[in-house]
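In what follows, a structure is listed as structure tokens, so that the remarks can point back to it.
Below, all heavy atoms of this structure are taken into account, side chains as well, without hydrogens, waters or symmetry copies. Residue numbers begin at 1 in each chain, while the letters A, B, ... track the order of the sequences.
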There are 2 protein chains.
Amino acid sequence: MGKQKRKWTNNEVEALHAGVKKHGAGKWTLILSDSQFASSFDNRSNVDLKDKWRNLTRRAIWEQSSNREKVTNPRLEVTANP
Amino acid sequence: MGKQKRKWTNNEVEALHAGVKKHGAGKWTLILSDSQFASSFDNRSNVDLKDKWRNLTRRAIWEQSSNREKVTNPRLEVTANP
DNA sequence: CGATAGGGATAGGGTTGA
DNA sequence: TTCAACCCTATCCCTATC
């Protein structure tokens, strides 16, 4: 079974944010090959960076739309505020 | 409220085993769409197949263990219950 | 062929309910 | 309580398109 999930470390996420700030979202291969960030990523591909950024973006959008920054269990938070 | 829980039938479990033997563990959607097995599954999703296989595997590992106390958590004995 | 976007599938942690 | 069944979703894969 060669397919195990490897969670992103805080260090990798920080490098991704910095890379996007420098080069722009979508420039995954450029970020990955930038010597300023390359060593921070632990065997990630350009597609991995894209997927992680999408995940971070989706989460940020969701948290904003529900006016919550920290949610422990989204399933319990379906009701609207009065 | 989630779905009502439906126990897996022997027929479904046998189909799952055969599917894994043919396509490999992890190929859940492929197994599910294989006409050789599809009719054996009663409205199961690829995730259902994955979860069932995990349960079967965990159970097999547990049965293989010679010392069940290593599997459960011995610290639970310390719990005080007034 | 290399890269990105987006849909889809899987892995593993978490939750539920009998 | 336990654990099979089911949920959540980050991670990873497939492929159309450029």
Side-chain angles (χ1 to χ4, degrees), chain A residues 1-17 19-20 23-34 38 41-63 65-66 68 70-78, chain B residues 1-17 19-20 23-34 37-38 41-65 68-82:
Chain A
M1 338 270 244
K3 192 170 118 170
Q4 290 194 356
K5 283 205 300 196
R6 287 187 306 116
K7 294 220 65 175
W8 278 64
T9 64
N10 290 336
N11 190 45
E12 288 179 304
V13 172
E14 287 169 13
L16 178 56
H17 270 103
V20 166
H23 297 293
K27 303 298 185 182
W28 312 120
T29 299
L30 182 56
I31 294 170
L32 204 52
S33 61
D34 186 330
F41 296 114
D42 180 16
N43 260 39
R44 305 296 182 177
S45 70
N46 56 334
V47 177
D48 291 333
L49 267 58
K50 178 266 297 178
D51 284 330
K52 182 58 178 177
W53 187 252
R54 173 173 57 173
N55 173 25
L56 292 169
T57 301
R58 283 176 171 174
R59 173 157 290 278
I61 289 172
W62 184 88
E63 287 173 348
S65 66
S66 55
R68 295 171 194 281
K70 298 172 85 174
V71 172
T72 53
N73 190 345
R75 293 170 64 205
L76 300 178
E77 304 291 345
V78 179
Chain B
M1 319 283 248
K3 290 166 52 180
Q4 188 183 53
K5 294 190 176 183
R6 290 183 302 113
K7 295 281 293 182
W8 277 63
T9 65
N10 289 336
N11 190 45
E12 287 179 302
V13 173
E14 286 170 12
L16 179 55
H17 271 103
V20 166
H23 297 295
K27 302 296 186 180
W28 313 119
T29 298
L30 183 56
I31 293 170
L32 204 53
S33 62
D34 186 330
F37 310 114
F41 296 115
D42 180 17
N43 266 52
R44 305 296 183 177
S45 70
N46 55 336
V47 177
D48 291 333
L49 267 58
K50 178 266 298 180
D51 284 330
K52 182 57 180 177
W53 187 252
R54 175 171 55 173
N55 280 339
L56 291 170
T57 301
R58 283 176 171 174
R59 188 181 187 197
I61 291 172
W62 173 80
E63 287 173 348
Q64 194 176 18
S65 172
R68 293 178 183 178
E69 289 173 347
K70 288 181 179 177
V71 178
T72 55
N73 189 346
R75 291 191 174 191
L76 293 176
E77 295 171 6
V78 184
T79 302
N81 191 7

| request: Please state how far atom CD in A/Q4 lies from atom C1' in D/dC12, giving the value in whole angstrom units. | output: 13 Å

| task | Compare side-chain N and O positions of A/W62 against OP1 and OP2 of D/dT9 and report whether any pair is under 4.0 Å apart. | result | no

| Using the C1' atoms of five pairs at each end, what's the angle between the two axes of the helix from C/dG2-D/dC18 to C/dA18-D/dT2, to 10 degrees? | 10°

| First encountered from the 5' end of DNA chain D, between B/K27 and B/K7 | B/K7

| For the side chain of A/E12 and the backbone of A/T9, is there at least one donor-acceptor N/O pair under 3.5 Å apart? | yes

| query | Under 4.0 Å: is that the gap between some side-chain N or O of B/T29 and OP1 or OP2 of C/dT10? | reply | yes

| Who passes side-chain hydrogen bond (donor to acceptor under 3.5 Å, both in side chains) against A/D34, sequence neighbours left out? | A/K22, A/H23

| said: At less than 4.0 Å, is any side-chain N or O atom of A/R44 found next to OP1 or OP2 of D/dC12? Yes or no. | reply: yes

| request: Measure from NE2 on A/H23 to P on C/dT4 and round the result to the nearest Å. | output: 12 Å

| Which sits closer to the 5' end of DNA chain D, A/K5 or A/V47, going by the nucleotide each is nearest to? | A/K5

| For the pair made of CG in B/D48 and C1' in C/dA9, what is the distance, rounded to whole Å? | 14 Å

| query | Which distance, rounded to the nearest 0.5 Å, do you find between the CG of B/N11 and the CZ of B/F41? | reply | 9.0 Å

| A/W28 CH2 to A/L49 CG distance, which is reported to the nearest 0.5 Å | 6.5 Å

| field | Heavy-atom donor-acceptor pair, A/R59 side chain to A/R54 backbone, under 3.5 Å | value | no

| remark: Interatomic distance, NZ@B/K7 vs NZ@B/K5, rounded to 0.5 Å, equals 10.0 Å

| said: Minimum heavy-atom separation for B/L16 and B/L56, please, with both atom names. | reply: CD2-CD1, 4.1 Å

| field | Euclidean distance, atom CG of residue A/N43 to atom P of D/dC12 [Å, nearest integer] | value | 11 Å

| field | Closest listed nucleotide, where the reference is the side chain of B/N46 and the choices are C/dT10, D/dC6, D/dC12 | value | C/dT10

| said: Counting only heavy atoms and a strict 4.0 angstrom limit, can you tell me which residues of residues 49-58 of chain A come near DNA chain D? | reply: A/K50, A/D51, A/K52, A/R54, A/N55

| note | Between CG of A/D42 and C1' of D/dT11 the distance, given in whole Å, is 14 Å

| message | Rounding to an integer number of Å, can you tell me how far B/R6 CZ sits from D/dC6 P? | response | 6 Å

| said: A side-chain contact here means heavy atoms from C-beta on lying under 4.5 Å apart; do B/W53 and B/T57 qualify? | reply: yes

| message | I'd like to know if the side chain of B/R6 and the backbone of B/D42 have a donor-acceptor N/O pair within less than 3.5 Å. | response | yes

